[in-house]
Structure formats: structure tokens, C-alpha cells
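Reckoned from all heavy atoms, side chains included, excluding hydrogens, waters and symmetry mates. Throughout, protein chains are lettered first and strands after them, A, B, ... in sequence-line order, and every chain is numbered starting at 1.
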Protein chains: 2
Amino acid sequence: MKPTVHDIARSAGVSLATVDRVLNARPGVREGTRVRVEEAIATLGYVRDVAAANLAKSRVYPFVFILPVNENPFMLGLRREVEEAIARSGAERTRIEVIDVPALESAALVAALDKVAAGDAAGVAFVAVDAPDVREAAGRVAAASIPMVTLVSDLSQSPRDHYAGIDNIAAGRTAATLMGRFLGSRKGRIVPLAGSLMVRDHRERLDGFAEVMRQNFPHLELLPAVEGRDDPALVEKLIGETLRQHPDICGIYSLGAGNHGLLPVLEAKPLSPKPVVILHELTEASSAALVNGTIDAVLNQDAGHEVRSAIRVLKAKADGLPVIAAQERIRIDIFLKDNLP
Amino acid sequence: MKPTVHDIARSAGVSLATVDRVLNARPGVREGTRVRVEEAIATLGYVRDVAAANLAKSRVYPFVFILPVNENPFMLGLRREVEEAIARSGAERTRIEVIDVPALESAALVAALDKVAAGDAAGVAFVAVDAPDVREAAGRVAAASIPMVTLVSDLSQSPRDHYAGIDNIAAGRTAATLMGRFLGSRKGRIVPLAGSLMVRDHRERLDGFAEVMRQNFPHLELLPAVEGRDDPALVEKLIGETLRQHPDICGIYSLGAGNHGLLPVLEAKPLSPKPVVILHELTEASSAALVNGTIDAVLNQDAGHEVRSAIRVLKAKADGLPVIAAQERIRIDIFLKDNLP
DNA sequence: AAAAAGCTGAGGTACGTAAATCAGATTTTT
DNA sequence: AAAAATCTGATTTACGTACCTCAGCTTTTT
């Protein structure tokens with residue numbers, strides 16, 4: 001049978017209250033007594049029953065999710081996953097507040113973080129904008145001892161407890177290897193399509209991609225990135241121009257969320273020979289394009305996993321418990337037409 | 001505030017005992033009263049607090065894992081993950097018993113399943129051998145209303161509640177597409193290396209692989225599968241012979257657990273031009289081979305996810321709760337040298 | 001030295017649910 | 001019609017932990 005506080009009390013020859021004071025580091029226990037209790041805890045191998053403790057405390061975890069207002073499919077999906085987590089709040093003893101902030105603006109994010117730092121949240125998850133003022137605000141959240149995880153986009157050199165997202169440099173490298181291997185001995189130019197290189201994840205993906213390209217596939221020329229601002233109309237225009245200007249394009253790497261502009265162009269007038277196209281983010285559109293052969297591979301991060309992982313980690317940090325590292329690693333999913341979900 | 005059984009009782013004008021009888025479908029409540037209580041439950045939007053219920057019941061989930069005794073790295077890893085789950089048993093209110101059975105023998109598996117069916121387990125997970133007598137034994141487990149998930153290898157047309165493993169046909173297809181695309185215009189023979197085609201997952205991988213090969217890459221000739229019984233020495237011998245016999249081999253697909261025999265052969269005398277090699281299961285050896293370029297891709301299933309998923313699903317089934325389908329889908333991980341964990 | 005203040009420990013109640021025991025009302029049996 | 005059996009509902013205790021209140025003891029203050 002699992003030992004309980006009663007067993008500890010009996011074994012150490014003290015009352016429940018004393019055991020409780022030792023367990024919860026409350027004052028009012030003589031040193032010698034404390035040691036006796038701690039020995040009993042160690043000998044019996046007592047572990048606190050978190051469920052019972054939460055029940056007794058009527059514990060709820062008030063978490064805050066700071067999400068950018070962004071119309072692209074990935075962010076909409078992320079938001080939906082947060083809403084599903086909110087729907088499960090009752091069962092999970094969480095209470096999740098969502099703060100909307102304009103995308104890519106650090107000022108609003110800083111304000112939101114400061115509001116969290118001043119409040120009584122048990123944890124905060126946010127999509128980071130990698131800027132100095134955000135880093136400072138994160139410092140204030142950490143100073144308030146509020147667990148903090150970055151979501152999707154990380155904040156470098158910050159005191160966040162955890163990053164729930166993929167390694168974007170690795171994603172770019174992976175895309176490059178797939179691109180190079182799929183092209184084989186074909187020669188030509190590769191065009192990367194980003195949303196904005198001011199965004200850290202886009203920049204990292206491009207960096208990883210460019211490095212592997214240069215190193216392993218020097219016969220392929222990498223064009224400067226087209227920045228489409230993830231705006232379908234703009235992407236359509238810019239990509240159309242680029243393709244006209246460079247008839248020898250043999251590869252396209254769309255590392256942002258501009259697929260709604262890219263796919264129509266590719267489907268309207270298929271190039272010959274068909275370029276190798278690799279996208280990020282699995283959506284209905286990209287899934288269909290994979291099936292009909294317009295594109296060749298999709299790299300994906302699972303927003304549902306990211307949200308659930310963020311919540312698990314925040315809970316664990318709030319309770320000072322360890323996390324299962326392997327469970328919380330967000331993987332880069334690679335989809336070909338053969339392994340679609 | 002979340003409504004509790006007390007709120008229901010007050011709202012319906014009955015006692016706690018009556019609410020409890022309705023909630024747990026116990027007899028002894030007049031039809032009219034039952035309806036009143038159910039209406040109160042619906043109006044207030046009551047949901048049972050599973051943690052509190054488990055506490056009151058002193059609930060533990062006695063689960064049984066039936067694992068084949070098998071020395072290959074994947075099965076050893078699976079076993080280690082089950083052991084880690086056992087280490088977490090206290091916190092998760094589980095009590096996990098492991099039954100060892102000889103690999104690939106349906107008789108021992110049937111005996112183990114029958115033992116489970118006769119016992120008081122709250123759920124069972126097992127690595128299925130796809131045979132009629134196993135199917136029948138599974139039927140007896142289902143008849144005893146014991147939740148049941150297959151692990152790693154599925155049991156067709158069986159009453160299992162869930163399958164915690166990858167889609168092996170899709171895995172084979174994915175391997176074929178990667179193989180074909182990596183080879184580009186190269187011509188030659190492809191050799192599949194299996195453990196045994198009597199094992200369902202190996203057969204399915206081969207089937208998926210062969211179909212895509214035939215359909216999309218007809219210029220590549222698929223040799224009959226080499227069955228190496230996942231025995232390093234035997235694999236080394238057979239693969240050596242095959243390579244000598246067919247100097248034009250340009251692709252190797254190792255779909256079983258025979259990598260410890262294959263890798264030494266490839267590293268000892270590298271072929272030129274280097275064949276494209278795709279393996280299953282990420283281990284230290286395959287990871288190293290990926291980094292040094294001996295092999296080109298690794299398909300993997302995450303044993304830790306499979307075990308944790310199996311436990312989550314068994315718990316949910318035992319409590320009659322729904323599962324988060326997306327969370328429980330086991331994905332085919334594709335690793336290139338660029339996205340190793 | 002008496003009173004006040006702090007220290008240490010004991011006991012009890014609450015959290016939300018399950019389940020056993022108990023009490024009153026209704027129906028069935030003889 | 002009385003006794004027994006069955007229904008239906010109420011009360012109480014328990015699960016493991018947190019935390020509040022109170023009592024006895026020791027130390028400090030006046």
C-alpha cells in the first residue's frame with residue numbers, strides 16, 4: 001500500500017500537523033523533529049498524492065495564453081486548440097484566459113506579459129516576438145515566480161522554463177536535404193518564400209535551409225527569399241513575377257504561411273519540368289496539393305501537441321514536479337502523400 | 001463555480017444518495033425521481049470530478065501488458081518504456097503487471113489473454129500476433145468487458161478498443177516514395193530486408209513498399225524480400241550473399257529489426273555508387289549511420305508514446321470517457337540526419 | 001515573579017465523490 | 001389484517017491532503 005501522511009506521522013511519532021508543516025515547508029517545527037519526519041518520509045518512500053492535494057486545496061491552475069491575432073491557418077488552428085483545452089478546463093482543473101495581441105508587435109506583448117506578472121496566474125504561455133523589450137518583460141514574469149513557456153516561437157536568452165515548439169533550424173535543414181535529394185542531378189534555382197524575415201522562426205528556417213543547400217548541394221543556386229507577408233494576394237503577385245523572371249526555377253521552399261497564395265499559382269499554370277515544392281504547415285489545401293502531386297512534402301508542427309504540452313509543462317512547473325522530457329519534445333512531422341493522417 | 005453532486009441534490013430536491021444512484025446507474029430510484037435528477041444534471045451542466053471520484057474509490061487501474069520476449073532494440077526499448085510507466089504508477093493510480101510471452105507464438109499469448117479474461121484487470125495491452133486463436137482469445141477478453149488495446153502490432157477483425165501503433169502500410173509506402181525520389185533516374189535493383197514475413201507489421205510494410213514501387217517507380221526492380229529473422233549473424237550472411245549476387249543493387253529497405261546485421265556489412269565495404277538505404281527504428285546505431293552517411297533515412301515509431309497512449313486509452317475506456325483522437329494517433333516519424341532528436 | 005508572547009503539537013473540518021448503513025413508506029405475502 | 005419483503009430516500013463515513021483553531025509548553029518582557 002502507498003504510504004500516506006498518517007503513516008509518516010505514526011512512524012515519526014508526531015502529529016499530522018507537524019508532518020504537514022514539514023511537507024509544505026511551513027514554520028513552527030523544531031529542527032530535530034523536522035529531521036525525524038524527513039527520515040520517515042525517505043524511509044517509507046512517501047510521495048504526495050497530487051490529486052488529493054489538489055482536491056483539498058480546491059486547486060485550479062489559472063493559466064494565461066497570449067496569442068497573436070493572425071489570420072493564417074496555423075495560428076487559427078493554434079487558437080482552436082487552445083479553445084479545446086478551455087473546453088477541457090473543468091476536468092483538468094485549469095482556467096485559461098486568452099489575451100489577444102496584434103501580431104509581430106512587441107509593445108502589446110510586453111503589456112500583456114506585464115499584466116501577467118502583476119496578476120496571480122499560475123503560468124503563462126506566449127508566442128514570442130524575439131525582441132529586447134520582450135526579453136525584459138519575460139524577466140519580470142520570471143521575477144514574479146510565474147512559470148512561463150514559449151509557444152511556437154522561442155525567445156532567446158530568456159528565463160522561460162520551456163519552449164513548446166519545433167527546432168526551426170533543423171526544419172530548414174530537413175527541407176533542404178529533401179529538396180536536394182529529390183532534385184538529384186537536376187540543376188537550377190531555388191526560391192524560398194517567407195512571410196517576413198523579421199520573424200524569428202522564418203529566419204531560422206531559412207538559415208538552416210541555406211546552410212545545407214550551400215554545403216551539400218552547391219550546384220543549386222539559392223535565390224533571395226521572397227517575403228510575401230503571408231498575404232495570399234501579395235504572394236501570388238511576387239511568386240508569379242519571380243517565376244517569370246527565372247524560368248530555370250526547379251525548387252520552391254515555402255517556409256511561412258503563404259501557401260494560400262502559392263498553391264493557386266502552381267495549379268493554374270504548371271511548370272515543366274515540375275519544380276520540387278516543399279511547404280510548411282499541413283492544412284486541407286496543402287494536404288490536397290500533396291495528394292494531387294502539386295507539391296512534394298509538407299513539414300508540420302502539431303499545434304494540438306504544442307498546446308497540450310505547454311499546459312502539462314506549466315502544471316508541472318507550478319507544482320515543482322519534473323516533466324517527461326521525451327514526451328514534451330515537439331517533433332518536426334514530415335508528410336509525403338503516403339503518410340497523411 | 002463548477003456544480004457538484006450537492007448542487008444537483010439541492011436543485012432536484014433529493015438526497016446525495018439518490019444523485020449517486022442516478023449517476024452510477026444503480027437501482028433503487030423511482031422513474032420520476034430519476035428524470036428530475038437527470039434534468040438537474042443537464043441544466044447545471046454537471047461533470048463528475050474524476051480525481052475526487054478516484055480518491056473516494058481508492059481507485060487503482062490494474063493493467064496488464066503482455067510483451068514478447070525479444071532481444072531486438074525496439075522491443076527492449078518498449079519494455080523500458082513500460083518499466084518507466086511502472087515507475088510512475090504511484091502518481092498515475094495504475095498497477096501494471098507485465099506478462100512475458102515467447103515472441104511470435106500464439107499459444108502463449110492466448111494463454112496470457114485467457115488469464116487476463118479470468119482476472120480482474122481494468123485493461124490489457126498486448127503486442128498482437130495476427131492469428132485466429134489469438135482473435136478468439138481477444139473475443140473472450142472483450143466478453144469479460146475488459147478494455148483492450150493492441151500495441152505496435154494490430155489484430156485484424158478483433159474487438160480491441162484501440163490500436164496504439166503506426167500504420168505499417170503507410171510506413172512502407174512512405175519508404176518507397178523516399179527511396180524512389182532519392183534515386184531519381186538511377187536504375188537498378190531494390191532489396192527489402194525483413195525479419196519474417198509471418199509477422200504482420202513486416203508484411204504490411206513490404207506490401208505498402210512494393211505497391212508504390214510498382215506503381216510509381218517501375219524502372220526499379222524489386223527483389224524478393226530477404227528474411228533475416230532479425231538475427232544479426234544471419235542478416236549479415238544473407239545480405240552479403242545478395243549484394244555479391246546482384247552488383248546492381250541501388251536500394252535497401254530494412255523494414256524489420258535486422259539493422260545490427262546490416263550496418264556492419266555496409267560500413268565494412270561501402271558499395272559504389274552508394275545505394276540508398278532506408279531503415280526502421282531509430283537507435284544509437286541507426287542514428288550514427290544517419291550522421292555518417294551510411295544510410296539515408298530512418299522511419300521510427302516512438303515506443304514511449306505508444307506506451308503512454310495505451311495507458312491513457314485504457315484509463316479512458318475503463319471510465320467510459322472519450323479519448324482525444326488526435327493525441328492518440330501514433331505518427332510515423334521520419335528522420336534524416338538533419339532532424340535527429 | 002507574573003504576564004505576555006512565541007513555539008510546537010493536536011484535533012477537526014473541508015474538498016467532491018463513493019458506498020455503506022439506516023429509516024420510513026409502500027407493496028406483497030400469509 | 002398483520003407480518004414480511006421490497007422500494008426509495010436520508011445520513012454518515014471514508015479517501016488523502018490542506019489548513020484552521022486551539023491547547024500546552026517554553027521563552028521573553030516588565
Side-chain angles (χ1 to χ4, degrees), chain A residues 1-38 40-41 44-61 89-95 122 318-321, chain B residues 1-38 40-41 44-61 89-95 122 318-321:
Chain A
M1 219 51 230
K2 248 181 65 181
T4 74
V5 279
H6 292 86
D7 300 318
I8 306 287
R10 192 157 4 91
S11 166
V14 298
S15 76
L16 279 186
T18 305
V19 175
D20 179 65
R21 289 191 182 109
V22 173
L23 280 176
N24 297 294
R26 278 187 262 269
V29 183
R30 208 165 12 213
E31 187 52 30
T33 315
R34 175 178 303 277
V35 170
R36 277 219 321 284
V37 172
E38 276 164 356
I41 290 175
L44 297 180
Y46 168 82
V47 281
R48 186 196 306 256
D49 183 327
V50 180
N54 284 345
L55 177 61
K57 278 193 288 203
S58 303
R59 176 84 149 120
V60 291
Y61 299 85
S89 276
E92 297 183 348
R93 305 192 99 84
T94 54
R95 193 185 60 223
D319 292 336
L321 261 39
Chain B
M1 218 53 232
K2 250 181 64 181
T4 73
V5 279
H6 292 87
D7 301 318
I8 307 287
R10 191 155 5 88
S11 165
V14 299
S15 77
L16 281 185
T18 307
V19 175
D20 179 66
R21 289 193 182 107
V22 173
L23 280 175
N24 296 293
R26 279 187 261 270
V29 183
R30 209 163 12 211
E31 186 53 28
T33 315
R34 175 177 301 277
V35 170
R36 276 216 325 283
V37 172
E38 275 163 356
I41 291 173
L44 297 180
Y46 168 83
V47 282
R48 184 196 308 252
D49 184 326
V50 181
N54 284 346
L55 178 61
K57 277 193 288 203
S58 304
R59 176 85 150 118
V60 291
Y61 299 85
S89 277
E92 297 184 347
R93 305 193 97 84
T94 53
R95 193 185 59 225
D319 291 336
L321 261 37

Colleague: Which nucleotide wins on minimum distance to the side chain of A:Ala56, given the candidates D:dT17, D:dC15, C:dA19?
Modeller: D:dT17
Colleague: Nearest heavy atom decides the nucleotide; on that basis, is A:Asp49 or B:Gly13 closer to the 5' end of DNA chain D?
Modeller: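 It is B:Gly13, whose closest nucleotide lies nearer the 5' terminus.
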Colleague: Taking atom C1' of C:dC15 as reference, at what distance in whole Å does atom NE2 of B:His6 sit?
Modeller: 10 Å
Colleague: Would one find a side-chain N or O of A:Thr4 under 4.0 angstrom from OP1 or OP2 of D:dC15?
Modeller: no
Colleague: Looking only at side-chain atoms of A:Ala53, point me to the closest of D:dT17, C:dA18, D:dA10.
Modeller: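 The answer is D:dT17.
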Colleague: Find the distance A:Lys57:NZ to D:dA18:C1' and express it as a whole number of Å.
Modeller: 8 Å
Colleague: The side chain of A:Leu55 lies closest to which of these nucleotides: D:dG9, D:dG16, D:dT12?
Modeller: D:dG16
Colleague: Evaluate the side-chain proximity of B:Ile8 to B:Leu16: yes if any heavy-atom separation is below 4.5 Å, no if none is.
Modeller: no
Colleague: Under 4.0 angstrom, heavy atoms only, what part of the nucleic acid is B:Asp20 near: base, sugar-phosphate, or nothing?
Modeller: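 Since a base atom lies under 4.0 Å of B:Asp20, the category is base.
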Colleague: Distance check: side-chain N/O of B:Arg21 vs OP1/OP2 of D:dG9, anything under 4.0 Å?
Modeller: no
Colleague: Taking the side chain as every heavy atom from C-beta outward, state whether A:Val19 and A:Val14 have any pair of such atoms under 4.5 Å apart.
Modeller: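 Side-chain contact under 4.5 Å: yes.
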Colleague: Nearest to the side chain of A:Arg26, which nucleotide is it out of D:dG16, D:dC19, C:dA19?
Modeller: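 Of D:dG16, D:dC19, C:dA19, D:dC19 is nearest to the side chain of A:Arg26.
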Colleague: At less than 4.0 Å, is any side-chain N or O atom of A:Arg48 found next to OP1 or OP2 of D:dA18? Yes or no.
Modeller: yes
Colleague: When you get a sec, tell me which of D:dA18, C:dG11, D:dA10 is the closest nucleotide to the side chain of A:Ala17?
Modeller: C:dG11
Colleague: In whole angstrom, give the distance that lies between atom CD1 of B:Ile8 and atom P of C:dG16.
Modeller: 13 Å
Colleague: So B:Val14, base contact, sugar-phosphate only, or nothing? Heavy-atom distance under 4.0 Å.
Modeller: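 Here B:Val14 touches the backbone only, sparing every base.
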Colleague: Below 4.0 angstrom from OP1 or OP2 of C:dG9, is there any side-chain N or O of A:Thr33?
Modeller: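 Indeed, a polar side-chain atom of A:Thr33 lies that close.
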Colleague: Given side chains that start at C-beta, do those of A:Val60 and A:Thr94 come closer than 4.5 Å, heavy atoms only?
Modeller: no
Colleague: Under 4.0 Å between any heavy atoms, over every strand shown, what does B:Asn54 touch: base, sugar-phosphate, or nothing? Just pick one.
Modeller: nothing
Colleague: Is any side-chain N of the basic residue among B:Arg93 and A:Asp49 closer than 4.0 Å to the acidic one's carboxylate O?
Modeller: yes
Colleague: Any side-chain N or O of A:Asn24 under 4.0 Å from OP1/OP2 of D:dC19?
Modeller: no
Colleague: Mapping A:Lys2 and B:Pro27 to their closest nucleotides on DNA chain D, which lands nearer the 5' end?
Modeller: B:Pro27
Colleague: Could you tell me whether A:Asp319 and A:Arg59 have a side-chain N and a carboxylate O separated by less than 4.0 Å?
Modeller: yes
Colleague: Please report, rounded to the nearest Å, how far the C1' atom of C:dA20 is from the CG atom of B:Leu16.
Modeller: 14 Å
Colleague: For A:Ser15 and B:Leu23, take the nucleotide of DNA chain C holding the closest heavy atom to each; which residue's nucleotide lies nearer the 5' end?
Modeller: A:Ser15
